[in-house]
Amino acid sequence: MSELSNRYQQIMKDLQANIKDENDKEFVIGKFQELSMMFMDVIDRLTYLTDLRIKEVEEQQKEIDGRMAKIQKAVDGIESDIYEEEEAYEFEIICPYCNHEFVTDIKSDVNTEVECPECHNMIELDWNGDEDEECTHNCSGCGHDCSEIENETEEMPKQEIEDNEDLEENDEEDM
């Protein structure tokens, strides 16, 4: 700004030195000062408007930053839900070999079998619930119609049941 001030002072000196008529000199210098004041006023207004606009942009930027922070928080939450490590779940298991009941932590995608802490047999975990495998009828809800077998014995003729009981009694007596 000092260069502008120096140039202004130099122009004023040149006007005073080169204009010989005092009335003309005063008139030109007055009009030059008026013109300079108009330019300064325009510059002040532009500076003021620029400052206002900068403040508006800064406020909008703060609002955008706040919105971005909320969006980032939501994305982080979604990301942690999608990509979080799978937690182990506690399952209560009854060993099919020794009927020991125990609780163990199992990850469904990692564990395919677990060892019984009592008999140390490996118990295969079936996550698909395949019902095509044959049932040994020693289950408690295998998904097969084990109840049909029980119903068959109920539907046996009375004579056949008595004959089976007689055979069992004879076997006991022979022993």
Side-chain angles (χ1 to χ4, degrees), residues 1-4 40-175:
M1 188 89 174
S2 67
E3 185 179 332
L4 183 63
M40 292 303 288
D41 187 43
V42 168
I43 291 173
D44 286 343
R45 287 182 189 181
L46 288 174
T47 303
Y48 174 75
L49 293 174
T50 303
D51 288 344
L52 282 179
R53 183 67 184 138
I54 288 173
K55 287 179 183 178
E56 287 175 9
V57 169
E58 287 174 346
E59 288 174 16
Q60 289 174 348
Q61 185 64 41
K62 285 179 185 178
E63 186 178 325
I64 290 170
D65 289 344
R67 288 180 182 174
M68 288 297 293
K70 287 179 184 178
I71 291 170
Q72 186 62 46
K73 186 177 179 180
V75 168
D76 290 343
I78 291 169
E79 186 178 52
S80 68
D81 287 346
I82 292 173
Y83 296 111
E84 73 179 324
E85 291 185 27
E86 188 174 324
E87 297 177 15
Y89 298 98
E90 286 189 352
F91 283 92
E92 188 173 295
I93 298 176
I94 298 174
C95 178
Y97 304 106
C98 68
N99 289 327
H100 176 68
E101 188 174 324
F102 62 98
V103 175
T104 185
D105 288 338
I106 296 176
K107 288 186 179 181
S108 62
D109 62 341
V110 176
N111 298 97
T112 56
E113 54 186 26
V114 66
E115 182 179 348
C116 174
E118 188 71 24
C119 68
H120 302 289
N121 284 317
M122 293 306 287
I123 303 167
E124 185 176 333
L125 303 174
D126 182 14
W127 297 109
N128 297 327
D130 292 337
E131 294 181 14
D132 295 335
E133 296 178 15
E134 291 199 26
C135 176
T136 60
H137 306 296
N138 294 330
C139 61
S140 60
C142 66
H144 294 95
D145 281 332
C146 295
S147 59
E148 284 182 19
I149 296 169
E150 293 172 11
N151 290 339
E152 287 175 9
T153 57
E154 291 174 6
E155 294 174 3
M156 268 197 239
K158 189 174 183 180
Q159 184 61 40
E160 196 174 320
I161 294 172
E162 289 175 358
D163 289 344
N164 285 342
E165 289 175 357
D166 288 341
L167 286 175
E168 288 175 8
E169 287 177 11
N170 287 339
D171 286 340
E172 289 175 9
E173 288 176 2
D174 289 338
M175 290 184 171

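One-based numbering along the sequence shown.
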Point to revise | Which atom of H120 lies closest to which atom of E115, heavy atoms considered | key: ND1-OE2, 2.9 Å
What's the separation between atom [atom1] in [X] and atom [atom2] in [Y], rounded to the nearest 0.5 Å?
X	Y	atom1	atom2	value
E113	M122	CD	CE	4.0 Å
I43	L4	CD1	CG	7.0 Å
T47	M40	OG1	CE	8.5 Å
C116	N99	SG	CG	9.5 Å

**Study point:** Any residue meeting side chain to side chain contact (heavy atoms under 4.5 Å, CB included) with I93, in chain and number order, not counting sequence neighbours
**Key:** F91, F102, T104, I106, V114, I123, L125
Sequence neighbours left out, cut at 3.5 Å: what donor-acceptor pairs do the side chains of residues 49-56 make with other protein atoms?
unit_1: T50; atom_1: OG1; unit_2: L46; atom_2: O; d: 2.6
unit_1: R53; atom_1: NH1; unit_2: E56; atom_2: OE1; d: 3.1

Practice item. Please examine the side chains of R67 and E63, heavy atoms only from C-beta on, and report whether any two atoms are closer than 4.5 Å. Key: yes
Check your understanding: So do H100 and P117 actually touch side chain to side chain, heavy atoms under 4.5 Å?
Key -> yes
